[in-house]
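Since the structure comes first, as structure tokens, the remarks are kept for the end.
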Amino acid sequence: MAPMAETLKDTDTSVQTPKTPEVPEKPALEGLEEKLNSAWAQEKIYHFNPETTREQVYSIDTPPPTASGSLHVGHMFSYTQTDVMARFKRMCGYNVFYPLGWDDNGLPTERRVQNYYGVRCDPSQPYDPNYQPPEKPAKNQRDWDAISRQNFIELCEKLTVEDEKIFEDLFTRLGLSVDWRQTYRTIDDDSRAASQRAFLRDVNSGNAYTSEAPTLWDITFRTAVAQAELEAKERPGAYHRYPFTTAEGKKVFIETTRPELLPSCVALVAHPDDERYQPLFGKTVTSPLFGVEVEVKAHRLADPEKGSGIAMICTFGDMTDVTWWRELQLPTRALIGRDGRFARETPEWITTEEGRANYEQLAGKTVHSAKEAVVELLREQGILDGEPKPITHAVHFYEKGDKPLEVVTSRQWYIRNGGRDADRREELLARGKEIDWHPGFMRSRYENWVEGLNGDWLISRQRFFGVPIPVWYRLDEDGNPDYENPILPAEDQLPVDPAAQPAPGFEESLRGVPGGFVGEEDVLDTWATSSLTPQIAGQWERNNELFTTVFPYDLRPQGHDIIRTWLFATMVRAHSLHESVPWTNTAISGWILDPDRKKMSKSKGNVVVPNDVLEQFGTDAVRYWAASARLGVDTAYEVAQMKIGRRLAIKLLNASKFALGMGVTEAHIVRDDAGAAAVTQPLDRALLAELKTVVAQATEHFENYDYARALQITESFFWQFTDDYVELVKDRAYGGHGEEAQASVRAALATTLDALLRLFAPILPFATDEVWRWWRTGSVHAAAWPQAQALEIVAGEPQLLDSVGEVLSGLRRAKSDAKVKQRTEILSARITAPAVTLSHVEAALSDIKAAARAQSLELVAQEGAEVSVSEVTLAEEA
RNA sequence: GGAUCUGUAGCUCAGUUGGUUAGAGCGUUCGCUUCACACGCGAGAGGUCGUUGGUUCGAGUCCAAUCAGAUCCACCA
């Protein structure tokens with residue numbers, strides 16, 4: 001529920017001397033962004049007030065964009081949707097905590113810096129404090145400057161700051177009501193300290209641990225990657241069929257897409273129920289080419305339908321191999337190195353002379369070349385059975401890589417995420433039920449992911465530009481690191497860089513010396529930092545007073561593509577660090593599709609640049625398009641929708657100009673019984689009754705995060721207001737029916753305009769505030785959300801407006817059918833309708849006559865009849 | 001293979017617990033300088049709600065099946 005009205009800082013609750021409206025001759029949208037943005041900055045209306053309680057705060061954990069490259073329409077879309085909610089909550093009296101940070105840590109930044117400056121990081125290079133990057137990057141990557149890690153990081157920081165400035169300007173232009181004082185960068189000292197602090201706490205609580213194990217490995221980037229970063233891509237492959245041989249000389253055929261792994265084979269496996277292979281279980285067979293004896297094993301994961309039904313287990317071809325290797329307790333015969341090449345030394349498990357000669361053909365080769373070599377050997381020696389059968393199959397890639405992942409054994413750090421622990425998995429599923437998902441069905445994506453986890457979260461990365469893992473290892477007398485007992489820094493020392501600083505209690509001179517220490521060289525997965533955005537933005541452990549007033553946050557907005565990464569990782573961290581959910585609501589935005597219904601993305605080259613549309617249609621128009629789409633719905637990039645938004649914003653300016661031109665001031669707004677007395681005319685009271693419903697419904701939908709519905713309701717009321725109501729009351733507003741009738745119109749116009757500006761303010765912040773400033777003091781964005789209850793005392797019969805509209809439409813149609821101008825006078829006409837409708841018509845008869853230029857209207861009651869206009873006599877056209 | 005979403009006018013979409021004749025905007029057709037707005041105004045045409053069956057007095061809405069499209073997960077023998 002919203003806080004009490006007392007906390008609202010609305011400026012208009014007691015008007016002393018009403019402001020005289022000042023309306024421009026030709027209202028226009030052009031230039032509003034610049035003008036109002038500087039006014040808002042000056043008036044500090046989006047500043048978070050730290051003197052506050054948790055109940056007064058509405059906190060938003062916004063996605064920190066990667067500021068590399070350019071912003072695209074997808075950003076405008078989803079960030080607008082969040083801003084609309086932020087503005088609504090602010091108007092409801094909440095102290096809105098709306099920070100926006102930058103995700104400048106990680107591979108995208110590294111890559112951008114490499115390409116932008118033409119440099120590459122070579123950790124063996126010494127630091128050069130005077131280093132200047134080349135004016136122009138060298139065309140050939142081989143000619144790029146090799147620079148030290150420190151120099152590389154400095155360039156990353158320089159470029160990200162420049163990029164972030166451009167983004168901030170664009171987001172400001174977009175009208176985001178972000179408090180820019182609350183900004184952060186995922187690579188800055190505070191973020192690094194927060195990441196390291198969280199890591200240390202996870203180590204101490206047993207939620208983070210190190211382990212030597214087979215992991216997915218990208219040979220291009222030479223780093224381990226996590227399950228969440230995988231992408232399956234369809235790739236052509238081929239089944240190669242060749243036999244192993246039993247002791248009796250019987251051939252056992254296997255079919256494989258990775259024949260090059262034959263020297264890494266540690267066993268064959270078939271399903272326990274597979275009668276074809278049951279006789280072989282427990283016996284050994286000999287591999288072709290390399291002559292290695294391996295046992296035939298049984299395991300339920302073996303699929304009798306695939307290939308020949310019996311598979312080679314190799315260390316390691318894929319994660320299924322890892323499962324078999326672990327559960328069947330097989331030896332390790334790894335050959336593919338971190339560079340993606342086969343070991344240069346012939347392994348000791350290949351003992352036959354022929355086998356060793358064959359291995360020579362693969363030694364040092366890439367996976368690709370080794371495959372060709374093995375196939376060639378199999379072919380030459382007549383072992384290959386038939387030709388390889390081409391197939392298309394899914395292969396795992398790192399989402400940013402372009403070579404298939406290998407599985408390599410290495411020491412890595414992990415965080416427990418339920419992937420190996422059913423209890424924790426249940427806890428995280430329960431957390432998922434604690435938060436409200438908008439739309440609700442998105443929760444199943446989360447549950448789907450949690451239930452499908454097959455291991456803990458691998459958080460160490462063998463990269464340069466990232467948050468260092470804050471640990472050191474003691475070296476024993478032989479110089480071997482003690483990984484089981486890492487040396488941890490004290491929290492008040494954070495952030496630390498173990499590569500540059502000695503371990504606590506050691507001199508730097510003992511680095512790498514037996515009896516001394518080594519620093520951990522790896523950095524944390526960027527998600528290990530991004531998963532802490534609530535803690536980073538809320539200044540966890542730096543300003544806990546602030547942190548406890550914003551955490552758990554009220555809202556996490558984000559895209560559905562990163563539920564498995566960002567959303568899930570944030571839940572994992574909050575669960576183990578705070579035993580809490582990180583937020584109570586999550587709003588999942590859809591994607592922007594191009595007109596061909598494809599997802600817009602940089603790699604597809606179908607991205608529209610935001611500046612162009614902002615320039616062409618204006619910010620309000622673009623925001624209208626974004627706010628017309630419901631949460632979670634993928635939306636077509638629709639220029640037409642922006643045109644409609646632009647039209648609405650312009651209409652709002654012009655309709656306001658009209659109302660304010662009718663002598664309307666803020667003093668006419670109905671606020672209490674005294675003001676209510678002025679509204680004497682049934683038509684005016686009908687309008688306000690309608691308005692009351694609109695306010696009530698829009699509020700309800702906004703509270704349910706359905707801003708699109710709220711907009712639609714407000715918008716259709718607005719058009720009814722301008723097209724019917726304003727046309728009906730023009731004559732009266734000009735004073736044609738006396739002062740009392742005019743005062744009634746003024747009150748209705750003032751009250752409606754006041755409410756409409758507030759209702760549209762979250763979506764069209766520029767046009768609404770422009771109008772607001774014509775006749776009010778301060779900003780509409782510092783004003784309170786309208787309350788339906790306040791209109792109760794002036795609400796009349798809402799049906800009346802519709803009845804009158806129908807009659808007006810009928811009279812207009814008569815002129816349209818007669819093909820005369822709408823100005824043409826109606827000498828007489830007959831209106832047939834049910835008695836109730838006629839009573840409405842009668843109550844507004846003079847307005848109808850004025851609007852339709854009708855001299856005489858005959859009202860005929862007929863129950864059950866539709867409203868119809870007949871017997872129309874028109875005057876001669878002028 | 002598991003899960004989720006979508007299918008309503010030429011186009012983009014709305015349709016809240018089932019309830020009269022299914023709505024909006026764009027586009028289209030006809031007409032209009034009407035003193036807030038030609039970046040405007042008025043009027044019209046246009047839909048057997050993907051298909052089939054069921055529940056019900058009554059289904060765009062609920063259930064089942066089916067077709068089509070999209071997304072996530074799994075899938076390297």
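Worth saying up front: this structure is predicted, and the values here are computed from it rather than measured. We use all heavy atoms of the structure for the numbers below, so side chains are in, but hydrogens, waters and symmetry mates are not. Lettering of chains follows the sequences in order, A, B, ..., and the numbering in each one begins at 1.
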Calculate the interatomic distance between [X] atom [atom1] and [N] atom [atom2]; express it in whole Å.
X: A:E727; N: B:C37; atom1: CD; atom2: P; answer: 11 Å
X: A:K657; N: B:G40; atom1: NZ; atom2: C1'; answer: 13 Å
X: A:D724; N: B:G42; atom1: CG; atom2: P; answer: 8 Å
X: A:K651; N: B:G42; atom1: NZ; atom2: C1'; answer: 12 Å
X: A:K306; N: B:G1; atom1: NZ; atom2: C1'; answer: 10 Å
X: A:W324; N: B:C76; atom1: CH2; atom2: P; answer: 8 Å
X: A:W719; N: B:A36; atom1: CH2; atom2: P; answer: 16 Å
X: A:L652; N: B:C39; atom1: CG; atom2: P; answer: 18 Å

In the structure shown, which nucleotide is the Watson-Crick or G-U wobble counterpart of [N], with both distances under 3.5 Å?
N: B:U48; value: none
N: B:U71; value: B:A3
N: B:C41; value: B:G31
N: B:U61; value: none

Give [X] one of three labels, base, sugar-phosphate or nothing, depending on what nucleic acid heavy atoms sit under 4.0 Å from its own.
X: A:T320; result: sugar-phosphate
X: A:D321; result: nothing
X: A:Q227; result: sugar-phosphate
X: A:E866; result: base
X: A:R258; result: base
X: A:Q641; result: nothing
X: A:V726; result: base
X: A:A629; result: nothing
X: A:K233; result: nothing
X: A:K643; result: nothing
X: A:R564; result: sugar-phosphate
X: A:A302; result: base

### Message
If the threshold is 4.0 Å, N to carboxylate O, is there a salt bridge linking A:E715 and A:K651?
### Response
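Looking at A:K651 together with A:E715, the answer is no, because their closest N to O distance does not fall below 4.0 Å.
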#### Entry: Charged N-O contact under 4.0 Å between A:K657 and A:E770
no
### Centroid separation A:F617 to A:Y624 less than 6.0 Å
no
### Query
Ring centroid separation for A:F77 and A:W625, is it under 6.0 angstrom?
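Ring centres of A:W625 and A:F77 closer than 6.0 Å.
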### Query
So, is A:R630 near the phosphate of B:U16, with a side-chain N or O under 4.0 Å from OP1 or OP2?
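So the side-chain polar atoms of A:R630 never come under 4.0 Å of the phosphate oxygens OP1 or OP2 of B:U16.
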### Query
At under 4.0 Å, does any side-chain N or O of A:S809 touch on OP1 or OP2 of B:A43?
yes
### Closest listed nucleotide, where the reference is the side chain of A:I650 and the choices are B:C76, B:G15, B:C39
B:C39
### Query
What nucleotide among B:A36, B:A3, B:G25 has an atom nearest to a side-chain atom of A:S444?
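So the nucleotide nearest the side chain must be B:A3.
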### Message
Would the base of B:G31 count as contacting A:S816 through its side chain, where contact means a donor and an acceptor less than 3.5 Å apart?
### Response
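Not at all, since no donor on one side and acceptor on the other fall under 3.5 Å apart.
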### Task
Measure the acute angle between the ring planes of A:W775 and A:W772, then classify it against the limits of 30° and 60° as parallel, tilted or perpendicular.
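Plane angle over 60°, so perpendicular.
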### Query
Mind checking the C1' distance from B:C5 to B:G44? Whole angstroms is fine.
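Rounded to whole Å, the distance is 37 Å.
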### Message
Testing A:W437, A:W566, A:F441 one by one against A:Y446 for a ring pair (Phe, Tyr, Trp, His ring centres under 6.0 Å), which residue passes?
### Response
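That would be A:W437; it is the only one of A:W437, A:W566, A:F441 passing the ring pair (Phe, Tyr, Trp, His ring centres under 6.0 Å) with A:Y446.
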